[in-house]
Amino acid sequence: MRVGVLTGGGDCPGLNAVIRAVVRKGETQYGWRFVGFRDGWRGVVENETMALNVEACRGILPRGGTILGTSRTNPYSRDGGATTVPATLQAQSIDALVAIGGEDTLGVASRLSNEGVKIVGVPKTIDNDLGATEVTFGFHTAVQIATDAIDRLHTTAESHDRVMVVEVMGRHAGWIATYAGIAGGAAEILVPEEEFDIAAVSERLRRRHERGRFASIVVVAEGARPADGSMAVASEEVDQFGHIRLGGIGNLVAGEIEKRTGFETRVTILGHVQRGGTPTAYDRVLATRFGIAAIEAVRDGAFGQMVALSAGSIVRVPLADAVRAPKTVDPGLYNDVAATFFG
Ligand code: F6P
């Protein structure tokens, strides 16, 4: 058996842990051979591979990023791109493909699977917005990085009696914002799921500061939207999946808060710091479990499936279920838990 492996979309701490587990289990237990495709679907479309074996995976468990490289290439948005996929798989004598990615990469995997390509999916995204799995690896690491940043911002905010706006990632869902906001004691958390009223946010902050010297942390997910509709974007550039590059809502919110309250306000945009570096122990274990389960799915011929976490156990779900709709923040967590500490 020859198995191809690719990592697509934004990188994510834990990708290397999945690759290592896939290769170790397949090579040592079943005697399979592996082929690494470079930069996600680009490597498949352009037939660019790299050697992948147990030796190549030594030392990668705690390393962030992906040894295979990644990109946001969409074979279906390239002329004839999708037809090159089966051609490359045939040329490389690939019997099965393990695709590690988020909604875009696995969306492509789901379409290709319907066209007969033998694929097993592994869910990844720091945003934690992929359906059909309780959690994706990378999320826990991103939340820890954001929480550490908030802890540091607290002390400088207190010293200056300032409002600190922290912009975190989260295009469609505010999981990182909600978790890091709860863990970091945020005074406000703005998420894509709930349009925010900047007047109400500013008024709560004004009243909070009236009660004394209170440093306030406002966590904003990059996809958060003001109630009047328009969303701030850094540029109109879109990727091959049609996503606008976000970033900038934190500055907009900070400007409004300062104008409306008169409090000195500063902004920190955490950006790609949240995606870099070493995965937490939790993410390493989850990624390893997913990798082992993916190889078991290949062994069982469970193609068109994605491995997922459900009630603490690893299960298989149809790829189509995973990419149907983004998994958004539980309203109970946001309204009953996080919002208790607003203002
Ligand atoms: O992978 C998801 C994500 O981290 C989003 O939260 C963010 O909007 C996007 O990727 C950023 O993408 P890029 O790395 O292409 O700037």
Side-chain angles (χ1 to χ4, degrees), residues 6-18 39-42 64-66 68-74 77 99-109 121-131 133 135-147 149 166-181 189-193 219-225 231-253 268-277 279-280 283 286-287 290 306 322-323 325-329:
L6 66 87
T7 53
D11 73 337
C12 175
L15 283 169
N16 285 326
V18 180
D39 306 335
W41 292 115
R42 189 192 69 73
T66 160
L68 297 176
T70 187
S71 73
R72 296 192 187 277
T73 301
N74 180 356
S77 73
I100 310 165
E103 53 159 338
D104 296 331
T105 304
L106 297 184
V108 170
V122 177
K124 77 82 230 187
T125 165
I126 64 162
D127 291 355
N128 196 35
D129 61 352
L130 203 60
T133 184
V135 71
T136 45
F137 65 87
F139 170 63
H140 189 266
T141 305
V143 168
Q144 193 57 55
I145 292 167
T147 304
V166 191
E167 184 184 304
V168 298
M169 281 188 172
R171 196 197 289 276
H172 308 296
W175 287 104
I176 298 175
T178 304
Y179 267 67
I189 303 171
L190 311 181
V191 294
E193 290 86 343
V219 181
V220 187
E222 63 181 344
R225 289 164 301 144
M231 192 162 73
V233 291
S235 78
E236 291 299 311
E237 221 177 293
V238 293
D239 64 23
Q240 289 186 23
F241 289 92
H243 300 304
I244 291 172
R245 192 186 292 169
L246 297 175
I249 189 72
N251 282 314
L252 190 85
V253 165
T268 301
I269 299 177
L270 285 182
H272 294 79
V273 168
Q274 295 159 95
R275 281 212 327 235
T280 59
D283 278 338
L286 181 62
F290 278 161
M306 180 188 85
V323 297
K327 181 185 68 192
T328 51
V329 170

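First listed ligand is number 1; within each ligand, the first listed atom is number 1.
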Query raised in the report: For G10, does its backbone N or O pair with a side-chain atom of K124 as donor and acceptor, under 3.5 Å?
Result: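 Such a contact is found between K124 side chain and G10 backbone.
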Report task. Give a yes or no answer on whether the side chain of N128 reaches the backbone of T136 with a donor-acceptor pair at less than 3.5 Å. Result ->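 Such a contact is found between N128 side chain and T136 backbone.
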Query raised in the report: Testing E193, K327, E103 for side chain to side chain donor-acceptor pair (under 3.5 Å) with H172, which one passes?
Result: E103
Query - Atom indices of ligand 1 within 4.0 angstrom of G170 heavy atoms, with elements - result: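 So the atoms of ligand 1 that pass are 6 (O).
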Requested in this report: Any chance you could measure L15, atom CG, to L68, atom CG, to the nearest 0.5 Å?
Outcome: 8.5 Å
Report task. Give yes if a backbone or side-chain nitrogen or oxygen of D127 is under 3.5 Å from a nitrogen or oxygen of ligand 1, and no if not. Result -> yes
Report task. Please state whether G9 comes within less than 4.0 angstrom of ligand 1, counting heavy atoms only. Result ->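 Under 4.0 Å: no for G9.
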**Report entry** contact_flag Q274 ligand 1 heavy-atom lt 4.0 Å
**Finding:** no
Query raised in the report: Which is closest to atom 15 (O) of ligand 1 in terms of heavy atoms, R72, H272, E222?
Result: R72
Report task. Write down the atom of V323, the atom of G107, and the distance for their closest heavy-atom approach. Result -> CG1-N, 3.6 Å
